[in-house]
Protein chains: 2
Amino acid sequence: MLKLSKKADYALMALQYMAMVRSGETSPFNPNRIVNTKEIAEEHHIPLELLAKVLQTLAKFDMVESQNGPKGGYLLAREPREITIAQVLEAIEGPLGIADCYHEKDEHVSCEQIEHCNIRTPLLRVQESIFHLLSSMSIEDMMAEPPLIIVESRKTKGVQL
Amino acid sequence: MLKLSKKADYALMALQYMAMVRSGETSPFNPNRIVNTKEIAEEHHIPLELLAKVLQTLAKFDMVESQNGPKGGYLLAREPREITIAQVLEAIEGPLGIADCYHEKDEHVSCEQIEHCNIRTPLLRVQESIFHLLSSMSIEDMMAEPPLIIVESRKTKGVQL
DNA sequence: GTCAGTCAAGACTAAAATGGTCGGAGATCT
DNA sequence: AGATCTCCGACCATTTTAGTCTTGACTGAC
């Protein structure tokens with residue numbers, strides 16, 4: 001429940017990676033270098049073609065800029081600070097809302113329950129809180145995190161260092 | 001995105017309704033009366049059989065008590081205040097987490113990306129916030145809400161009164 | 001100009017989650 | 001005991017998601 005889709009995961013990973021590269025964190029002598037789909041896919045062990053589709057979507061939403069040809073690839077289109085998690089999720093998965101009835105395009109498909117729906121108002125508050133939370137975090141907030149190492153000793157479960 | 005499943009919706013509606021009935025809000029002379037699946041389904045215009053399954057699950061998680069036979073039905077098993085939204089969602093949809101890797105049962109199915117996963121820690125913070133939010137709201141908080149009426153005038157979209 | 005490497009776009013398949021259905025087991029009342 | 005009303009749990013259909021494959025267009029280097 002509440003689980004992010006794989007595509008959303010991949011989008012966040014890719015953006016975070018591009019932000020790190022851009023900052024010079026990964027290759028100090030070459031900030032702002034362009035990265036291509038293959039590099040990101042291999043780095044994170046995710047299927048190339050799927051990631052490609054995700055990056056395409058991000059490009060369509062002006063979060064990254066694409067460059068064709070050899071030595072081509074993608075580049076962040078904005079400051080990491082200006083790309084919120086909420087924006088990314090909406091780009092990948094469409095408008096986010098806890099229930100459909102909060103963002104109906106056409107008014108005629110409204111759910112049958114609506115007039116007896118007793119949970120609409122309280123859930124709306126929940127949704128607003130979550131949306132606010134996701135809007136307050138950006139790609140920048142995902143950088144410079146100490147990587148979480150998992151120690152796989154014999155029979156202990158993953159231990160967080 | 002972040003959308004609740006129908007089953008989760010139905011569960012919350014049913015619990016809220018049962019809480020209202022129990023409080024005497026709907027039938028002042030008969031608080032604590034037992035309600036059956038059919039009544040809830042008709043009241044909210046939701047498919048009977050599906051709701052039945054949802055209530056079944058809630059019974060398994062000790063949120064409602066079931067009673068068989070004629071005049072049977074369901075009853076809240078706890079105070080509305082003691083049933084949090086988080087508990088309901090977890091009962092219906094399994095443990096909630098933004099990504100799978102936060103609640104692995106067996107350590108061997110861990111995702112391939114884990115050792116290069118750069119978004120794990122920040123997302124964990126997001127997840128904790130959401131979980132806290134959902135844990136802080138109970139069925140009681142969903143009662144006594146002024147129902148949200150939708151006015152369907154000719155060409156205006158739904159207007160909130 | 002050719003060629004290799006890159007993004008763009010779509011159709012297609014496979015697998016999983018979700019929504020919805022059915023026949024039967026248990027309890028109550030007459 | 002029988003009829004009836006209820007919950008229970010296995011079952012099927014549909015939708016969504018994840019992933020693959022193919023084709024095409026653009027760019028830069030040789």
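Residue numbers start from 1 in every chain, and the chains themselves are labelled A, B, ... in the order their sequence lines are given, proteins ahead of strands.
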Please go through A/Leu75's hydrophobic cluster and name the other residues, only I, L, V, M, F, W, Y counting, with side-chain heavy atoms under 4.5 Å joining them. A/Ile34
Is the closest side-chain donor-acceptor distance between B/Glu93 and B/Ser5 under 3.5 Å? yes
Just to verify, what does B/Arg81 make a salt bridge (Lys or Arg N to Asp or Glu O under 4.0 Å) with, not counting sequence neighbours? B/Glu140
Does anything in residues 55-80 of chain B reach DNA chain C, meaning a heavy atom under 4.0 Å, and if so which residues? B/Asn68, B/Gly69, B/Pro70
Could you state the CD-C1' distance from B/Glu39 to D/dC5, rounded to the nearest angstrom? 15 Å
Roughly how far, to the nearest 0.5 Å, is the CG atom of A/Asp9 from the CG atom of B/Leu123? 7.0 Å
Euclidean distance, atom CE of residue B/Met18 to atom C1' of D/dC7 [Å, nearest integer]: 13 Å
Return the set of residues passing side-chain hydrogen bond (donor to acceptor under 3.5 Å, both in side chains) with A/Tyr17 (not counting sequence neighbours), or none when no residue passes. A/Glu39
Can you name the residues that form a side chain to side chain contact (heavy atoms under 4.5 Å, CB included) with A/Asn32, not counting sequence neighbours? A/Arg22
Minimum heavy-atom distance A/Leu133-B/Val126, with the two atoms named: CD2-O, 3.8 Å
Short heteroatom pairs, N/O only, protein and nucleotides 13-19 of chain C, under 3.5 Å:
from   : atom 1 : to     : atom 2 : distance (Å)
C/dG19 : OP1    : B/Lys6 : N      : 2.7

Just how far, in rounded Å, is C1' of D/dT17 from CG of A/Leu51? 17 Å
Between CD of B/Glu42 and OG1 of B/Thr37, what distance do you get to the nearest 0.5 Å? 11.0 Å
Figure out the CG/P separation between A/Asn36 and D/dG28, and round it to whole Å. 15 Å
For the pair made of CD1 in A/Ile46 and P in D/dA18, what is the distance, rounded to whole Å? 12 Å
d(CD1, A/Ile34; C1', D/dT27) in whole Å: 11 Å
Does the A/Glu90 side chain pair with the main chain of A/Leu96, one donor and one acceptor, at a distance under 3.5 Å? yes
Between C/dC7 and A/Thr37, is there an OP1 or OP2 to side-chain N/O distance shorter than 4.0 Å? yes
Rounded to whole Å, please give me the gap between CG in A/Leu48 and P in C/dG5. 14 Å
Can you tell me how far C1' of D/dT6 sits from CD1 of B/Ile40, to the nearest Å? 13 Å
